[in-house]
Amino acid sequence: ETGVTQTPRHLVMGMTNKKSLKCEQHLGHNAMYWYKQSAKKPLELMFVYSLEERVENNSVPSRFSPECPNSSHLFLHLHTLQPEDSALYLCASSQDHGDPNTEAFFGQGTRLTVV
Amino acid sequence: DAKTTQPNSMESNEEEPVHLPCNHSTISGTDYIHWYRQLPSQGPEYVIHGLTSNVNNRMASLAIAEDRKSSTLILHRATLRDAAVYYCILHTGFQKLVFGTGTRLLVSP
């Protein structure tokens with residue numbers, strides 16, 4: 001248990017569906033992150049939020065839409081996804097996104113399959 | 001971006017020490033060296049980090065070369081539960097954690 005909780009753990013969705021991934025942390029951290037991990041590939045950073053403000057968007061397609069309503073919650077809204085978007089989606093948090101002398105805590109991930 | 005180089009895989013026997021190397025010849029003075037590991041079907045887990053001095057915690061030790069161009073993660077007694085992919089990452093301020101391909105550690109009974 002890392003203190004970062006992701007739901008659901010598994011999700012199967014059709015290409016025309018709309019779904020949301022949820023991430024929650026009660027560690028008092030100010031920064032939250034979405035990563036994508038495709039099969040046989042390294043983790044790719046998607047979005048970074050600091051104090052509920054998006055500070056980084058790494059050329060992610062608009063079919064992925066993040067939302068950070070408060071410092072404890074982070075969502076990833078999904079719509080009209082493609083089969084190649086099937087991957088493990090990981091949420092992480094850290095005390096401060098600008099401080100390298102601190103560690104990040106990751107959730108267990110949501111295994112997404114797009115059919 | 002400062003890069004790291006790690007072997008693709010390493011093998012160890014249970015209860016033996018494991019030394020996982022990482023080269024980072026282009027490291028800058030403000031880069032912290034972080035290690036994470038990822039067990040099968042789980043998210044990455046923080047292991048240890050340091051700047052210049054060697055570091056110890058309950059999970060592992062981090063030995064940093066004097067010139068900081070390389071480091072070694074030391075697991076003092078490997079267990080089967082230590083089988084994972086280990087990532088060595090350089091972290092500087094507003095540069096986020098960027099993961100490479102890591103070293104896959106195989107532990108045999």
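The chains referred to below are lettered A, B, ... by the order of the sequence lines, with proteins before strands, and numbering in each begins at 1. Computed from a predicted model, the values in this text were never measured in an experiment.
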Taking all non-hydrogen atoms of both residues into account, name the closest pair between B:H34 and A:P100 and its distance.
-> NE2-O, 2.7 Å
Chain A interface, residue from B:Y87, B:Y32, B:F99 that has the most non-hydrogen pairs under 4.5 Å = B:Y32
Would you find more than 12 non-hydrogen atoms of other residues, nucleotides or ligands less than 6.0 Å from A:R63 atom CZ?
-> yes
For B:G100 and A:P42, which heavy atoms make the closest approach, and how far apart are they?
-> O-CB, 3.3 Å
Is it the case that one hydrophobic cluster holds both A:W34 and A:F64, taking links as side-chain heavy atoms less than 4.5 Å apart, direct or via other members?
-> yes
Heavy-atom count around A:N70 CG within 6.0 Å, excluding the residue itself: above 12?
-> yes
Side chain, backbone, both or neither: which part of A:L43 has a non-hydrogen atom closer than 4.5 Å to chain B?
-> both
More than 12 non-hydrogen atoms from neighbouring residues, nucleotides or ligands closer than 6.0 Å to CD on A:E84, yes or no?
-> yes
Atom of B:Q38, atom of A:L88 and distance for their closest heavy-atom approach = NE2-CD2, 4.3 Å
Residue part contacting chain B, namely of A:Y35, when any heavy atom lies under 4.5 Å | side chain
From the list A:Q108, A:K41, A:E44, the residue making the most non-hydrogen contacts under 4.5 Å with chain B is A:Q108
Stepwise side-chain contact (heavy atoms from CB on, under 4.5 Å) test for A:E103 and B:Y36 = CA-CA 9 Å; A:E103 63 266 36; B:Y36 285 76; 3.8 Å; yes
One should read off an interatomic distance between A:L90 CG and B:Q42 CD, to the nearest 0.5 angstrom, of 11.0 Å
Using the side-chain contact (heavy atoms from CB on, under 4.5 Å) rule, take B:H49 and A:N101 through it: C-alpha gap first, then chi angles, then the decisive distance, then the call.
-> CA-CA 8 Å; B:H49 77 282; A:N101 189 20; 2.7 Å; yes
Is A:V4 linked to A:M46 within one hydrophobic cluster, defined over Ile, Leu, Val, Met, Phe, Trp and Tyr using a side-chain heavy-atom separation of less than 4.5 Å?
-> no
Common cluster, B:I74/B:Y86, ILVMFWY with side-chain heavy-atom separation under 4.5 Å = no
Give a yes or no on whether B:R68 atom CZ has more than 12 heavy-atom contacts from other residues, nucleotides or ligands under 6.0 Å away.
-> yes
Checking A:S94 against chain B: side chain, backbone, both or neither under 4.5 Å from a heavy atom?
-> neither
Are more than 12 heavy atoms from other residues, nucleotides or ligands located less than 6.0 Å from atom CD of B:E14?
-> yes
